[in-house]
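The analysis underlying the following values was restricted to heavy atoms, covering all of them including side chains, and did not include hydrogens, waters or symmetry mates. In what follows, chains carry the letters A, B, and so on, assigned in the order in which the sequence lines appear, proteins first and then strands, with residues in each chain numbered from 1. Predicted model, so just to flag it, every value in this text is computed and none were measured.
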Amino acid sequence: MTEKNYEPQAVEAAAQNYWTTTRAFEVIEDATRPKYFCLSMLPYPSGALHMGHVRNYTISDVISRYQRMLGKNVLQPMGWDAFGLPAENAAIARKTAPAKWTYSNIEHMRTQLQTMGYAIDWTREFATCNPDYYVHEQRMFTRLMQKGLVYRKNSIVNWDPVDQTVLANEQVIDGKGWRSGAVVEKREIPQWFLKITDYAQELLDGLDDLPGWPDSVKTMQRNWIGRSEGLDIQFAIEGEADPISVFTTRPDTLMGVSFLSVAAEHPLARKAALSQPEVAAFIEECRHGGTAEVDIEIQEKKGVETHFKAIHPITGETLPVWVANFVLMNYGTGAVMAVPGHDQRDWEFATKYDLLIRMVIVSVGVRDAVRELGRDAAGNKDSMSAALGESRAIDVVEPAGEVDMLDEFENNIITEGAYTEYGFLVNSGEYDGLNFRDSFDAIAARLESEGKGARRVNFRLRDWGVSRQRYWGCPIPVIYCANCEAVPVPDEQLPVVLPEDVEFTGVKSPIKADPEWRKTVCPQCGGPAERETDTFDTFMESSWYYARYTSPGASDMVDARANYWAPVDQYIGGIEHAILHLLYFRFYHKLMRDCGFFDSDEPAINLLCQGMVIADTFYREDVQGRKEWINPADVEIQRDEKGRVAGAVLKADGQPVAIGGTEKMAKSKNNGVDPESMVHKFGADTVRLFSMFAAPPDQSLEWNEAGVEGMSRFLKRLWRELHAHVSQPDHPAVNAAELDATQKTLRRQIHETINKVSDDFGRRLAFNTAIAALMELLNAVTKFDDMSDQGRAVRHEAFETIVLLLNPITPHICHALWQALGNAETLIENQPWPKADSAALVRDAVKLAVQVNGKLRGTIEMPISASKEDCERAALAEPSVVPHIEGQTIKKVVVVPGKIVNIVV
RNA sequence: GCCGAAGUGGCGGAACUGGUAGACGCGCCGGACUCAAAAUCCGGUUCUGGCGACAGAGUGCGAGUUCGAUUCUCGCCUUCGGCACCA
């Protein structure tokens, strides 16, 4: 080969054609070889590939190709998360069927993906909206019904009173429906739930066995599952048969309870509303607004008193019962005991409504001061001092406002906010002086013996509501019969197929609107019955898709092949999935394990959460102040002579545009960069190289076309330099014994680069620094102008190494260059990953930094064998160091071998 | 509001286990080649002062630990991700 110029389009077409015709990436199970399952989160077929996809699948492809070169049997599959809300919205906007829109998007995006040259086994591809896929999901659901892991209960949804439809949280903007603009209401409807809480403890414990997952994700999941130990306490209600049950993690504050708060949906609140118009009005007010947790958490805390009185379980005191808008019916028991002195939210609520605030916990310092004073809050001498005597200090944090707190204690008021730390009990009768743990035990024992409470482990995690009142999803396989209630659809009647050829207007799901579709007969009694018309949450499909890749065509979810491939060795996807998807994914694996499909407990060994792809935004404002967003591709940046950004103009008219900052690529800001046009302009290898170079994979990546041009320059230079090398006469093999110092230095850098890149790919997943090391090596080869036999031999070794190490990132150009280097085999054919030659890595001298008082003053070059004393002597004699230590007393010299000498004067 | 991250030159980032801050790339400045431009190649480029040798400052802000802190601890600020019906 003697091509002068690098032409990416031709190089890429040739390489891709070779891989396709040799079916290079189709894999089968092979028990004799170690497997490697490399998985990317499957894309939603939104219409066109975006840079986030490109980044995700390039990371996955680099890892896959690297593992392949290590000799693994690598499975890298691809599929489509094809059900979902955007298809319904597109269907309304374009007057087409959601299925049609989805399938055409898949066709287009598959073609786009294929131009990227990913090492994907396309024979395993599927779309989740295909009945061949979702039939298994339906069968799994009926299995889980039979196992008792599914139940139906009422649950709250966003209701648009104008469109008469359920809204997703995303469709609620500032408490109003996105299309109708009507104030959204909360409405209770029956929905199906999966008992993920049965697995809460295992999901929590399993995180400890996932060293390959980021700590941030594990922490978020732990907090989401939210295990807490506490007490269920029964508060009897005057004149009512049933008590209110509350859960608390702070039973030590029980004597500070001054009222109870219940959710607006709580049965007691409903009962109060029957006789009290103010309560009814408040509950009605609580029905407005969305159901999202963030809306509830940031809204103004409000409440209303009911006429009910609760009885304190220890003192027998009567306490008012309030309805409060911040108490969630679907968390805990829907009721909480309010301790304004020691809970900030209760404190604010009590301050607002002028309710009693009691101080029942003090810091150890205040306890000691009080003990010294020998009196309690009411001024009664001696009653405290005895009780405060024996407590052990645990988890006691000293607050800054110690003195204020003593004042507050003496006056029995809390003015500056709740004291929420653990401490010692006061004003708590027989429990005075106890610490958190001792008072917890004492109060728990008493309530348990009196039947008024019980220790309980509570989880923040709620069961998974899987019902959606939408059309474009997997039908829930349940039949309702007047005689038999909810009956699972029998296996032989599955799948329940979603009709695809429908009219979709957006007001009502076509299967809800069609009176015929739902009509059926009861599988149990044979009587007339109706099908469920709700569909599954699309997280259902994305919870088990990885499993289906292992067993294409299997008659059940998976077959015996699943245990060869599972668990996933490397999973890659966006950090936005850190909690929901990744928790359902882990949960579903355990469900499948318990159905006998898997031997493993967790679905994925290693997880990499990639950052977002961001880009500059530009805009112009019209006369009304509305922003018209301009795509970065249409803008030219202007700089001052120091290279700082001075402004930007629209290429079309040369007039200035405003710069709006760097944000996530999105249609709304028109700052998306189209991967297809980038590939057309620079080639897939350059796009892949830039997306791996510009940032480490877990950080956000700023798309910058000048940077892309830089990557293109690097590949062109590699092409040119390598072809210049192969045009030289043949050279002998490298003879390590014959090399001169310069040749040895280059050869050492070659082998250091092998180690660096191997570590970056295999352990660190730091592709950006691997590329930087390869650029440094090419820079060194370019400067190396030795045309001797051994010089050419070392240069050849350098080029072979660069091509092999770069192959996972830019496989097309490496495919061509490998052949240009005169190799008979193509690179893809089991070409092994290079190993560093330890003899080539040996250094005989090392540079040490010399500091005086921690400030760098010079460097010394020392033989590798030099002793600490030698280093110290050389450092003290170093000319650039001497002026800084002259006339000073040397207190200490720290010598860190191979690194630094620090002289302290 | 709660949970989790991030913050380093003009810009993207590097410094992996507490040990020479700024690798690599972009941009910019200067030069070579060219009639000229593009492309390419060579050199410089944290800031301040100085012709210079050099000196001082410097990793969001404020403290602390240490011979030594981008890295560890505490307290703030700002930005981003998630908050259960977007996927």
Is there a side-chain polar atom (N or O) of A:Asn768 under 4.0 Å from OP1 or OP2 of B:A14? yes
Any side-chain N or O of A:Arg639 under 4.0 Å from OP1/OP2 of B:C29? no
For A:Lys218, report the nucleic acid contact type (base, sugar-phosphate, nothing); a contact means any heavy atom under 4.0 Å. nothing
Note on RNA chain B: ranges paired as stems (three or more Watson-Crick/G-U pairs in a row, both atom distances under 3.5 Å) are B:1-7 with B:77-83, B:10-12 with B:24-26, B:27-32 with B:40-45, B:46-49 with B:54-57, B:60-64 with B:72-76
Contacting residues from residues 686-695 of chain A, given that a heavy atom lies under 4.0 angstrom of RNA chain B: A:Phe693, A:Ala694
Under 4.0 Å from any atom of RNA chain B, heavy atoms only: list the residues of residues 774-782 of chain A that qualify, in numerical order. A:Met775, A:Glu776, A:Asn779
On RNA chain B, nearest-nucleotide positions of A:Val896 versus A:Gln699: which is more 5'? A:Gln699
Nearest heavy atom decides the nucleotide; on that basis, is A:Val217 or A:Leu848 closer to the 5' end of RNA chain B? A:Val217
Of A:Phe714, A:Phe767, A:Trp703, the residue whose pairing with A:Phe690 passes ring pair (Phe, Tyr, Trp, His ring centres under 6.0 Å): A:Trp703
List the protein contact pattern of nucleotides 65-87 of chain B with one symbol per nucleotide (5' to 3'): B for base contact, S for sugar-phosphate-only contact, - for none; contact means a heavy-atom distance under 4.0 Å. --BS-----------SBSBBBSB
Just by protein heavy atoms under 4.0 Å, how would nucleotides 43-64 of chain B read 5' to 3' in B, S and -? ------------SSS-------
Please check if any side-chain donor atom of A:Asp463 sits under 3.5 Å from a side-chain acceptor atom of A:Thr197, or the reverse. yes
Angle class for the A:Phe83/A:Tyr134 ring planes (parallel below 30°, perpendicular above 60°, tilted otherwise)? tilted
Suppose we screen for salt bridge (charged side-chain N to carboxylate O under 4.0 Å, His left out). Which residues come up paired with A:Arg639, at least two apart in sequence or across chains? none
